[in-house]
Amino acid sequence: MIDTHAHIYASEFDQDREEVVKRALSQGIDRILLPNIDLESIEPMLATEKQFPEVCRSMMGLHPCYVDANVEQTLATIKSWFDKHNFIAVGEIGIDLYWDKTFRAEQEKAFVTQLNWAKEMNLPVVIHTRDSIEETLTLLRQEQDGSLRGVFHCFGGSLEEAQAINKLGFHLGLGGVSTFKNGGMDKVIPHLDMDYVILETDCPYLAPVPHRGKRNEPSYTELVAQRIADLRGLALEEVDAITTNNAEKLFSL
Ligand SMILES: [Zn+2]
């Protein structure tokens, strides 16, 4: 199994990072993909990748919540990292209209700029949206030239939104939200095209049931897989095989 979205480089894991990775391995989660968020996260992310080279792979990008008036400068620094290191994806990038709309125009510009890097470098993109699926889809439709691929991470939307995302060639990252009783995903997951589903935790955030509200970690990827298996009438092994294959292809692992 692959946790395709885990911030295990965050300070929440400073006390027990090695145990967290061991626990993941013992649950059959043998690869953990690390999305970048801003300039400060680069160093701990690369250190974590170096500590667990068989398990962890890094991405590079600027998260929409960290876009501010300095966006041009920040993007130039982020871009320069692609010349210094091998990254598996451009991410995480996107639009977030939940927390703060002050830099909405800058967010959109940063998103489009990074989509174009992905095209140039032939890399997948890892997309964060919050209250912004429609806005994000509009920009993606403008930029999709047939070469863009990626994932809407932490997907918790409707079946119609899922289908619109798939139609553009994009995957859905299912995580803890899929296990929430009031999340509505029990109505959506049975009808999803499994060719576009990958697993994630987004740890340390959004822990799945029965750990909801506590620190999340990669070993809980299995709880998400089990939830999908239950809702689809599949064996856990089948969900593992399908989603692992999807993630391997998407990220060229
Ligand atoms: Zn994230």
Side-chain angles (χ1 to χ4, degrees), residues 1-14 17 20-21 24 29 31-49 52 55-68 74-75 78 81 87-100 107 110-111 114-115 118 123-133 136 150-157 165 170-180 183 185 197-208 211-221 223-224 243 247 250-251:
M1 247 176 267
I2 304 175
D3 182 352
T4 63
H5 197 108
H7 301 272
I8 58 163
Y9 56 78
S11 59
E12 284 89 339
F13 297 101
D14 282 352
R17 191 168 288 110
V20 163
V21 171
I29 292 93
R31 277 159 295 175
I32 300 171
L33 310 186
L34 313 178
N36 189 52
I37 53 172
D38 63 3
L39 295 180
E40 276 73 51
S41 55
I42 297 172
E43 196 195 319
M45 178 184 71
L46 292 178
T48 302
E49 184 186 52
F52 309 102
V55 181
C56 294
R57 298 294 305 277
S58 295
M59 313 171 192
M60 181 52 66
L62 180 62
H63 187 293
C65 291
Y66 300 89
V67 166
D68 58 21
T74 309
L75 282 177
I78 298 260
W81 272 98
F87 295 101
I88 56 163
V90 179
E92 53 184 298
I93 66 175
I95 308 285
D96 190 310
L97 302 177
Y98 176 79
W99 292 110
D100 190 351
Q107 280 194 34
F111 181 51
Q114 294 179 94
L115 288 176
L123 287 173
V125 292
V126 171
I127 297 177
H128 166 106
T129 64
R130 190 134 187 221
D131 289 352
S132 61
I133 289 188
T136 305
V151 59
F152 276 61
H153 111 81
C154 191
F155 180 75
I165 288 166
F170 279 75
H171 287 67
L172 306 164
L174 298 189
V177 175
S178 303
T179 70
F180 296 173
M185 291 301 284
V197 173
I198 62 176
L199 305 177
E200 65 167 71
T201 59
D202 198 19
C203 65
Y205 318 107
L206 294 168
H211 307 289
R212 190 172 181 181
K214 305 209 183 76
R215 187 187 72 170
N216 197 359
E217 62 170 61
S219 69
Y220 299 165
T221 307
L223 295 168
V224 178
T243 56
L250 179 61
F251 293 105

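Whatever order the structure lists ligands and atoms in, that order sets their numbers, starting from 1.
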### Message
Please find the pair of heavy atoms, one from L199 and one from M1, that lie closest to each other, and give the distance.
### Response
CD1-CG, 3.8 Å
### Task
Could you grab the angle centred on the Zn ion (ligand 1), going from OE2 in E92 to OD1 in D202, to 10°?
180°
### Full working for side-chain contact (heavy atoms from CB on, under 4.5 Å) between L33 and I88
CA-CA 9 Å; L33 310 186; I88 56 163; 3.7 Å; yes
### Query
Between Q107 and H63, does a side chain to side chain donor-acceptor pair (under 3.5 Å) hold up when you go through it step by step?
CA-CA 9 Å; Q107 280 194 34; H63 187 293; over 6 Å; no
### Query
Can you tell me if an N/O/S atom from H5 lies under 2.8 Å from the Zn ion (ligand 1)?
yes
### Query
Got an N, O or S from C154 under 2.8 Å of the Zn ion (ligand 1)?
no
### Closest non-hydrogen atom pair between F155 and L174, with its separation
O-CD2, 4.1 Å
